[in-house]
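Heads up, the thing below is written out as structure tokens.
Quick note on labels: first sequence line is chain A, next is B, and so on, each numbered from 1. Here the structure is a predicted model, which is why all the values come from computation and not from measurement.
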Amino acid sequence: MTSRGQMLNPRRLQRAPDMNLFTDIRELVIATLAAMQEAGDLPREGVGFANVTVEAPRDPAHGDMATNAAMVLAKPAKMKPRDIAETLVAKLVEDDRIAAAEVAGPGFVNLRLAPGVFQTLVGQILEAGTVYGRSELGKGKTANVEFVSANPTGPLHVGHCRGAVFGDALAGLLDFVGYDVTREYWVNDGGAQVDVLARSAYERYREANGQEPRIEAGLYPGDYLIPVGQALKDRFGDSLMDKPEAEWLVPIRDIVSDLMMDGIRADLALLGVKMDVFTSEKSYYDSGKIEKTLEELKGKELLYTGTLPPPKGKAPDEDWEPREQLLFRSTDYGDDVDRPVQKSDGGWTYFAPDLAYHYDKVKRGYDLIIDVFGADHGGYVKRMKAIVAALGGDAVEFDIKLTQLVKLFKNGEPFKMSKRAGTFITLHDVIEQVGADVTRFVMLTRRNDAHLDFDFDKVTEQSRENPVFYVQYASARVASVLRKAGEAGVDTQDSVLAGADLSKLDHEAELALIGKLAEWPRLVEIAARTHEPHRIAFYLYELAGDFHGLWNLGNDVHSLRFVQEGDMATSQAKLALARAVSVVISSGLAILGVEPAQEM
RNA sequence: GCUCGCGUAGCUCAGCUGGAUAGAGUGUCGCCCUCCGAAGGCGAAGGUCACAGGUUCGAAUCCUGUCGCGAGCGCCA
């Protein structure tokens with residue numbers, strides 16, 4: 001810390017680490033309300049403050065912050081909103097952080113903060129660095145985010161890509177607010193689909209041995225299995241040729257699904273996604289974990305043998321007939337029907353490993369469990385929620401996020417994909433063409449449950465229309481102006497800038513930009529609570545826009561430029577603001593897994 | 001038939017888990033570019049928040065119903 005740091009108000013050291021101005025002022029409002037009760041200006045009986053909020057008004061004319069306290073309390077206090085508001089205003093202005101307060105509209109109390117509050121925040125941001133905005137929402141808690149979980153039957157495609165980016169960004173967000181996060185991939189290597197994979201690979205193996213492959217309908221036709229066939233030949237020579245399936249299915253299946261997983265891991269690495277845990281479905285079958293789980297559930301009376309009613313509303317049941325099955329009592333926990341866990345041939349249904357897997361996650365003791373599925377798996381939401389509700393009760397918070405389809409475009413033209421013809425676009429292709437950073441950011445420019453158009457040309461365009469560019473451009477501009485100032489002899493270290501005379505940041509436009517920075521901790525909390533990382537991306541776009549706006553003002557109003565020739569003190573104050581913007585952009589991008597640009 | 005998601009400006013989408021005159025980009029129209037990075041800037045017009053009820057001081061937001069679009073729906077994966 002520099003000696004200049006001592007010039008700052010030491011009170012900040014006692015502040016909460018999240019440095020959230022909104023919660024600070026809310027605490028002030030609530031303390032003031034409590035004092036009003038003390039003084040007899042407000043009844044105590046039945047008057048709680050839980051619904052009192054402090055927010056940034058949409059319209060800047062309404063001040064920096066507004067509270068709804070008077071309106072919320074009017075009814076329980078049996079008072080008129082304006083009466084409460086006026087007393088509140090009179091007391092609030094006594095605090096030196098409040099420059100002005102007034103009653104407005106139906107009973108809002110609009111607050112204008114003393115410029116010093118905002119100016120001080122700039123220094124705090126520089127001192128805190130990317131710690132600024134971390135809240136304690138998840139402190140001491142653990143979270144598990146399961147995502148991607150694509151079948152190991154081929155390379156990842158763009159659909160998986162969105163799930164991968166979303167899940168990883170969500171995990172990053174939870175990490176940022178204090179959760180101890182586990183990123184997990186559920187490997188479906190135990191079902192019939194890996195048998196199909198093995199048969200498909202066997203044909204490519206025959207092909208490598210000079211035979212014509214017999215790729216029947218239902219097998220995977222993709223070219224990606226050709227080198228796999230070659231690898232099998234390298235390993236087995238022709239020893240498996242013309243042998244019955246029973247002899248080669250298991251060894252080939254295990255080798256090939258491992259190979260596919262290697263490819264998937266490599267693709268995820270390209271995208272910058274690193275899983276903490278890969279959990280294998282096959283290992284559940286092999287280790288008897290499913291049987292063990294079901295035994296336990298029988299003890300809890302969650303399983304029973306019975307028959308399901310025929311499905312309603314579907315075409316007249318052709319071959320449907322009632323059968324006795326082992327069923328999971330999921331209707332007690334919000335599901336539509338009880339789910340069968342065992343097939344009539346004695347094998348497990350697909351639901352059985354899901355059940356065992358989620359029970360396992362519950363037992364690992366996470367405070368928060370999130371599944372990220374593609375939208376085509378929306379039908380599983382209720383049954384999964386039923387599992388966790390039945391087995392975890394209130395001890396665990398469980399959420400399922402669905403990611404909608406990605407539609408690919410090239411120059412505005414839809415890009416047709418066909419898995420059958422083998423012309424589907426892989427995640428690898430996308431990253432090769434546009435890069436991981438662009439891919440990640442673009443995937444987060446829509447809510448997870450909305451369709452996303454991904455245009456190969458537009459995402460690399462350099463214009464305001466392209467949010468990736470626009471945000472990166474802002475951080476590059478800051479880096480550029482800092483470089484330039486440094487060359488002119490200004491000391492631009494964060495610790496020095498933090499100690500600058502920040503009271504020089506007194507222009508409305510500068511204070512407004514700081515106001516935007518002040519929203520960061522609050523925004524992070526909302527995004528984390530709602531499990532919606534796209535909010536980070538939108539905020540960064542807005543912040544970049546505000547920054548560019550201030551920059552552009554400097555074209556007309558020279559006193560607003562970040563470098564003031566011959567005025568070291570003012571330059572440092574303004575550079576501190578610019579740097580604070582880039583700090584927040586960096587930490588926002590870090591949550592999303594994107595590197596900020598130093599130059600472009 | 002049932003379940004889930006969606007429906008906001010011409011277009012693509014945000015919208016603080018109930019706040020004030022509903023925002024951004026793009027497109028359209030008008031003006032502007034010697035200037036820290038114009039890779040543009042400023043301004044204007046543009047809305048029955050699908051529709052109808054309800055909850056309350058207050059609803060795009062919560063509840064009910066209707067319509068439209070999408071996805072899913074018993075041993076498959």
| request: Report which part of the nucleic acid A/V381 touches: base, sugar-phosphate, or nothing (heavy-atom distance under 4.0 Å, all strands). | output: nothing
| said: Students often get this wrong, so: under 4.0 angstrom with heavy atoms, is A/A485 touching a base, only sugar-phosphate, or nothing? | reply: nothing
| field | Residue A/K343, side-chain heavy atoms: nucleotide from B/rC76, B/rG74, B/rC16 that is nearest | value | B/rC76
| query | For B/rG15, does either OP1 or OP2 sit under 4.0 Å from a side-chain N or O belonging to A/R447? | reply | yes
| said: Test ring-ring contact (aromatic ring centres under 6.0 Å, His included) on A/F547 and A/F562; report intermediate values, then the result. | reply: CA-CA 11 Å; A/F547 172 73; A/F562 289 95; 5.5 Å; yes
| message | Can you check the distance between B/rU34 and B/rG41, where both ends of the measurement are the C1' atom (answer in whole Å)? | response | 15 Å
| query | So does A/H534 get a side-chain nitrogen or oxygen closer than 4.0 Å to the phosphate oxygens (OP1/OP2) of B/rG15? | reply | yes
| message | If you compare every side-chain N and O of A/K75 against the phosphate oxygens of B/rU56 (OP1, OP2), does one of them come in below 4.0 Å? | response | no
| request: Under 4.0 Å between any heavy atoms, over every strand shown, what does A/A74 touch: base, sugar-phosphate, or nothing? Just pick one. | output: nothing
| said: Using OP1 and OP2 only, check whether a side-chain N or O of A/R477 sits under 4.0 Å from B/rA38. | reply: yes
| message | Using the side-chain heavy atoms of A/R522, tell me which of these nucleotides is nearest: B/rG41, B/rG74, B/rC16. | response | B/rC16
| message | Any side-chain to backbone donor/acceptor pair from A/D189 onto A/S280? Under 3.5 Å, distance only. | response | no
| Base, sugar-phosphate, or nothing: which does A/Q462 touch, judged by heavy atoms less than 4.0 Å apart? | base
| task | Both distances under 3.5 Å, Watson-Crick or G-U wobble: report the partner of B/rG37, or none. | result | none
| request: Assign A/F469 to base, sugar-phosphate, or nothing according to its heavy-atom contacts below 4.0 angstrom with the strands shown. | output: base
| Does A/R464 have a side-chain nitrogen or oxygen under 4.0 Å from the phosphate oxygens OP1 or OP2 of B/rG41? | yes
| Side chain of A/A476 - closest among B/rG5, B/rG37, B/rU17 | B/rG37
| So what does A/P81 hit on the nucleic acid, given a heavy-atom distance under 4.0 Å: a base, only sugar-phosphate, or nothing? | nothing
| said: Is there aromatic stacking of A/H62 on B/rA20 here, judged by a ring-centre distance under 5.5 Å and a plane angle under 30°? | reply: yes
| task | Compare the minimum distances between each of B/rG5, B/rC36, B/rG19 and the side chain of A/V481, then state the nucleotide with the smallest one. | result | B/rC36
| remark: Against the side chain of A/R446, the closest entry in B/rG74, B/rC13, B/rG40 is B/rC13
| note | Out of B/rC13, B/rG19, B/rG37, minimum distance to the side chain of A/P106 belongs to B/rG19
| said: Applying a 4.0 Å non-hydrogen cut-off, can you work out what A/N68 is touching in the nucleic acid: base, sugar-phosphate, or nothing? | reply: base
| query | Between B/rA24 atom P and A/D59 atom CG, what is the distance in whole Å? | reply | 12 Å
| query | To the side chain of A/Y473, which of B/rA38, B/rA20, B/rG5 is closest? | reply | B/rA38
| field | Gap between atoms CD and C1', on A/E542 and B/rG23 respectively (whole Å) | value | 9 Å
| request: Could you tell me whether the side-chain ring of A/F108 sits stacked on the base of B/rA20, using a centroid cut-off under 5.5 Å and a plane angle under 30°? | output: yes
| note | When A/M600 and A/Y541 are each assigned the nearest nucleotide of RNA chain B, the 5'-most assignment goes to A/Y541
| field | C1' spacing across the pair B/rG43 / B/rG54, given as an integer number of angstrom | value | 42 Å
| said: Taking 4.0 Å as the cut-off, does a side-chain nitrogen or oxygen of A/W551 come that near to OP1 or OP2 on B/rG40? | reply: no
| message | Side chain of A/D453 only, heavy atoms from C-beta on: which candidate in B/rG41, B/rA20, B/rU12 is closest? | response | B/rU12
| task | Examine the base of B/rA20 for any acceptor or donor lying under 3.5 Å from a partner atom in the side chain of A/N110, and report the outcome as yes or no. | result | yes
| request: Would you mind reading off the distance between A/F454 atom CZ and B/rU12 atom C1', rounded to a whole angstrom? | output: 16 Å
| said: Within the 4.0 Å heavy-atom criterion, would you say A/F538 contacts the bases, only the backbone, or no part of the nucleic acid? | reply: sugar-phosphate
| task | State the pairing partner of B/rG10; accept Watson-Crick or G-U wobble contacts with both distances under 3.5 Å, and report none otherwise. | result | B/rU26
| query | In whole angstrom, what separates A/N552's CG from B/rC42's P? | reply | 6 Å
| query | Taking the six-membered ring of A/F22, is the NZ or CZ of A/R522 close enough (under 6.0 Å from the centre) and on axis enough (within 45°)? | reply | yes
| note | In this structure, CE of A/M19 is separated from CZ of A/R134 (nearest 0.5 Å) by 11.5 Å
| said: Counting the atoms with a prime plus P, OP1 and OP2 as sugar-phosphate, which does A/V337 contact under 4.0 Å by heavy atoms, base, sugar-phosphate, or nothing? | reply: nothing
| message | Whole angstroms only, please: what is the CG-P distance between A/L402 and B/rG72? | response | 12 Å
| request: Under 4.0 Å between any heavy atoms, over every strand shown, what does A/S480 touch: base, sugar-phosphate, or nothing? Just pick one. | output: base
